[in-house]
Amino acid sequence: MLKTYDGCILFRFEYKPKKIKTENGKKLDSLFKAGAESKKVKKEPEEKWKWWEEERATDGSKWRFLEHKGPVLAPPYEPLPGHVRFFYDGKPMKLSAAAEEVATFFAKMLDHEYTTKDIFRKNFYKDWRKEMTSEEKSKITDLTKCNFTEMSEYFKAQSEARKQMSKEEKLKIREENERILQEYGFCVMDNHKERIGNFRIEPPGLFRGRGDHPKMGMLKRRIRPEDIIINCSKDSKHPKPPQGTRWKEVRHDNKVTWLVSWTENIQGSIKYIMLNPSSRIKGEKDWQKYETARRLKKCVDRLRAQYRDDWKSKEMRIRQRAVALYFIDKLALRAGNEKEEGETADTVGCCSLRVEHIKLYPKMDDQEYVVEFDFLGKDSIRYYNKMPVEKRVFKNLQLFLENKQPEDDLFDRLNTSILNKHLQELMDGLTAKVFRTYNASITLQQQLKELTSPEESIPAKILSYNRANRAVAILCNHQRAPPKTFEKSMQNLQTKIDEKQKQLSTARKQLKGAKTEHKASHGDGSKKMVEVKRKAVQRLEEQLMNLQMQATDREENKQIALGTSKLNYLDPRISVAWVKKWDVPIEKIYNKTQREKFAWAIDMAEEDYEF
DNA sequence: TTACAGACTTGGGTAAAATTAT
DNA sequence: ATAATTTTACCCAAGTCTGTAA
């Protein structure tokens with residue numbers, strides 16, 4: 001019994017090393033045999049460090065020692081070859097390097113619909129002009145007279161050429177990337193080599209926000225060493241800026257986790273280089289997040305009773321708070337911070353919902369008191385839902401809507417800071433987003449319990465798991481655009497199923513034939529034949545079943561993205577426990593990256609783990 | 001109370017890599 | 001071996017939440 005997070009006692013059970021299966025045991029084996037040292041084989045890592053078995057700092061420091069090589073800067077601009085021309089008003093025109101670079105950004109996007117959008121063009125043109133020489137500025141006065149097609153064709157040809165490169169050339173590039181990864185992709189933090197998440201500085205380009213973004217098309221400028229702040233230990237070997245340049249600053253702040261930061265010019269926000277999710281510093285935080293959610297589990301009944309009670313409060317602000325919290329709890333809405341108007345796309349969360357985002361129906365079909373939600377949430381993903389609510393909630397909503405315009409705030413006496421302050425008083429460490437984590441994880445656990453049947457095959461169990469995962473993704477509104485090749489890929493699968501069905505029916509006929517044969521002859525040979533055919537039928541049945549399950553899974557997943565919930569909302573110990581309970585290979589649930597991120601949970605959770 | 005900087009988590013899309021089909 | 005398809009890694013935007021200062 002050790003390790004307490006937030007006063008929660010955790011039990012760790014004896015670690016039973018299981019035989020580790022690789023996704024493709026055969027391939028790996030053969031690689032090891034066949035003079036593998038050449039390319040693909042990674043060295044078997046020395047005993048993995050189990051950070052989760054170590055003490056954690058209690059003084060707010062994030063590390064004691066930090067050494068790294070700094071960021072990889074964006075490659076400098078390479079001017080276009082002379083034969084690739086830009087045309088203005090039908091005539092070729094040689095651009096200065098600075099103007100040409102920005103023009104190439106636009107040229108590379110020519111095939112995208114957004115280069116036809118007014119805002120995009122306006123923003124681009126405005127920022128492009130800033131890079132022009134005064135002659136260029138006076139000559140180029142109309143974007144519609146600019147012709148970038150030759151540039152665009154050139155880049156298409158380049159990427160085509162890249163695809164056509166010989167094996168050797170491709171290998172060379174891969175090796176170079178690997179070298180850069182080895183040099184810049186790792187750091188040393190407190191005696192351990194850790195993988196860095198994003199060690200490359202973002203290259204310059206045109207900003208493309210998501211949804212209807214007012215800043216789309218603006219120039220994202222090149223980041224120079226002079227813009228970059230380095231964070232590392234005083235007593236470490238400091239990263240060196242490129243010859244002839246200097247960093248903006250080198251600091252030694254161990255109260256933060258980032259290694260490198262710079263300020264981005266579109267929103268003026270700070271960007272960071274941080275560690276990979278498999279690192280101690282990310283893993284501990286992740287673990288802690290789920291422990292907070294588990295503490296919520298213990299008191300959620302009390303909190304629910306409380307907010308239901310608050311629906312009756314004399315004070316408007318308390319009623320609003322209580323209804324908002326109900327939405328956050330029941331519908332897994334995000335908190336909804338207010339945003340500066342005109343700086344970003346117009347999206348909302350719970351606290352920033354406006355009157356225009358909900359509709360009230362006293363009666364709808366056979367239901368009473370239905371609320372219809374329709375708004376754009378994070379990343380401009382649409383949230384649409386109809387939910388019957390309790391009469392009291394409905395009456396409150398009618399009250400909140402009184403005398404308001406569509407663009408007015410639904411919860412005019414509430415914001416995220418008020419809400420979170422309240423939550424903090426109810427439970428230490430409680431904020432709005434904990435509800436999302438809690439409801440996601442508890443839903444997975446409960447759905448797994450409900451959907452898994454002991455006698456099913458492994459593929460059927462995996463379908464059940466994915467369905468449980470899907471229930472969570474739907475709850476959290478994690479949507480994706482259906483893949484461009486979705487229909488085709490479904491068709492392919494169907495063809496396979498049909499084929500398999502044919503094979504099966506012929507196999508069945510053969511079995512029947514073999515049986516009659518055997519009845520007639522009663523010979524040993526014919527008996528064997530019956531067995532052989534029976535086996536074949538069985539195998540085909542199984543294969544057919546698996547294909548059908550794959551098809552079901554894929555179809556159901558058409559517009560649902562499972563990744564985000566799996567990575568950010570579901571306590572991995574629930575999945576690990578499930579896998580151990582039903583003897584499902586963990587690789588079926590988590591890929592390599594995911595197994596690395598959740599190493600702590602895989603090591604820690606046994607089959608009886610309860611969220 | 002608000003505004004804002006800062007730090008960190010969460011998010012969907014896409015290019016590249018890996019795998020499978022031909 | 002090559003092409004088609006699927007999966008993964010990477011990209012970087014967009015949220016949440018905290019702390020501080022006015």
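Note: hydrogens, waters and symmetry copies are ignored here, and every other heavy atom, side chains too, is used. Order of the sequence lines sets the chain letters (A, B, ...), proteins ahead of strands, with each chain counted from 1. No experiment lies behind these values; they were computed from the predicted model shown.
- D253(A) is linked by a side-chain hydrogen bond (donor to acceptor under 3.5 Å, both in side chains) to nothing, counting only residues two or more places apart in sequence or in another chain.
- When atom types are taken as modelled, the side chain of H357(A) and the backbone of L410(A) share no donor-acceptor pair closer than 3.5 angstrom.
- Residue contacts for Q479(A): at a heavy-atom cut-off of 4.0 Å it reaches the sugar-phosphate backbone alone, with no base atom in range.
- With hydrogens and angles disregarded, a donor-acceptor distance shorter than 3.5 Å links the side chain of T443(A) to the backbone of N439(A).
- Contact between the side-chain N/O atoms of Y272(A) and the OP1/OP2 oxygens of dC12(C) is not found at any separation under 4.0 Å.
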Using a cutoff of under 3.5 Å, can you pull out all pairs of nitrogen or oxygen atoms linking the protein to nucleotides 1-3 of chain C, with atom names and distances?
none

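- Between N546(A) and E542(A), the side chains place no donor N or O within less than 3.5 Å of an acceptor N or O (distance only, hydrogens not considered).
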Derivation of the ring pair (Phe, Tyr, Trp, His ring centres under 6.0 Å) call for F598(A) and Y590(A): CA-CA 9 Å; F598(A) 297 133; Y590(A) 289 144; 5.0 Å; yes

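- Going from atom CH2 of W262(A) over to atom C1' of dA7(B) covers 14 Å, rounded to whole Å.
- Position along DNA chain B of the nearest nucleotide to S261(A) versus K421(A) favours K421(A) as the more 5'-ward residue.
- Each of L181(A) and K220(A) lies near DNA chain C, and the nucleotide nearest L181(A) is the one positioned closer to the 5' end.
- The side chain of P203(A) lies closest to dC12(C), out of dC12(C), dG12(B), dT14(B).
- Between H112(A) atom NE2 and dG13(B) atom P the separation is 12 Å, expressed in whole Å.
- The side chain of N492(A) lies closest to dT5(C), out of dT5(C), dC8(B), dG12(B).
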Identify every side-chain donor-acceptor pair in residues 258-266 of chain A under 3.5 Å, counting partners at least two apart or on other chains, and give the distances.
residue, atom, partner, partner atom, Å
E264(A), OE1, Q267(A), N, 3.4
E264(A), OE1, G268(A), N, 3.4
E264(A), OE1, S269(A), N, 3.0
E264(A), OE1, S269(A), OG, 2.8
E264(A), OE2, I266(A), N, 2.9
E264(A), OE2, Q267(A), N, 2.7
N265(A), OD1, R221(A), N, 3.1
N265(A), ND2, L219(A), O, 2.9

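- Distances shown here put every side-chain N or O of K215(A) at or beyond 4.0 Å from the OP1 or OP2 atom of dA13(C).
- When rounded to the nearest whole Å, the span between CG of N177(A) and P of dC10(C) equals 10 Å.
- For R554(A) and dT6(C), the shortest distance from a side-chain N or O to OP1 or OP2 is below 4.0 Å.
- Note: CZ (R280(A)) to P (dC8(B)) measures 12 Å, nearest angstrom.
- Separating the CG atom of L423(A) from the P atom of dC17(C) is a distance of 9 Å, rounded to the nearest angstrom.
- For L275(A) and dA7(B), the CG to P distance is 15 Å, given to the nearest whole Å.
- Contacts of K62(A) with the nucleic acid, taken as non-hydrogen atoms under 4.0 Å apart, involve only primed sugar atoms and P, OP1 or OP2.
- Between the CG atom of N276(A) and the P atom of dC8(B) there is a distance of 16 Å, rounded to whole Å.
- The shortest distance between the side-chain N/O atoms of R436(A) and the OP1/OP2 oxygens of dC17(C) is not below 4.0 Å.
- Partners of E340(A) under the salt bridge (Lys or Arg N to Asp or Glu O under 4.0 Å) rule, at least two apart in sequence or in another chain, do not exist in this structure.
- The pair D379(A)-R210(A) meets the salt-bridge criterion, with a side-chain N (NZ, NE, NH1 or NH2) lying under 4.0 Å from an Asp/Glu carboxylate O.
- Contact check, N568(A) against dT9(B): no side-chain N or O comes under 4.0 Å of OP1 or OP2.
- The side chain of K289(A) contributes an N or O atom lying less than 4.0 Å from OP1 or OP2 of dT10(B).
- In this structure, the nucleotide among dT6(C), dC8(B), dG6(B) sitting nearest to the side chain of I270(A) is dG6(B).
- Using a 4.0 Å heavy-atom criterion, one finds that S417(A) contacts no nucleic acid atom at all.
- Qualifying salt bridge (Lys or Arg N to Asp or Glu O under 4.0 Å) partners for R467(A), counting only residues two or more places apart in sequence or in other chains: E556(A).
- Listed candidates were dG12(B), dC8(B), dA13(C). Nearest to the side chain of M274(A) is dC8(B).
- Taking the centre and axis of the six-membered ring of F207(A), the NZ or CZ atom of K215(A) falls outside the cone set by 45° and 6.0 Å.
- The interatomic distance linking K271(A) (NZ) with dA13(C) (C1') rounds to 6 Å, in whole Å.
- If you check every strand for non-hydrogen atoms under 4.0 Å, I381(A) touches sugar and phosphate atoms only.
- To the nearest 0.5 Å, atoms CD1 (I273(A)) and NE2 (H68(A)) are separated by 8.0 Å.
- At a threshold of 4.0 angstrom between heavy atoms, the contacts of K163(A) with the nucleic acid are absent.
- Contact annotation: K255(A) side-chain N/O to dA7(B) OP1/OP2 distance is not under 4.0 Å.
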Tabulated below should be each protein N or O lying under 3.5 Å from an N or O of nucleotides 14-16 of chain C; please produce it.
residue, atom, partner, partner atom, Å
dA14(C), OP1, R210(A), N, 2.7
dA14(C), OP1, H213(A), ND1, 3.3
dG15(C), OP1, T347(A), OG1, 2.9
dG15(C), OP1, D379(A), N, 3.1
dG15(C), OP2, K339(A), NZ, 2.7
dT16(C), OP1, A335(A), N, 3.3
dT16(C), OP1, G336(A), N, 2.7
dT16(C), OP2, N337(A), N, 3.0
dT16(C), OP2, N337(A), ND2, 2.9

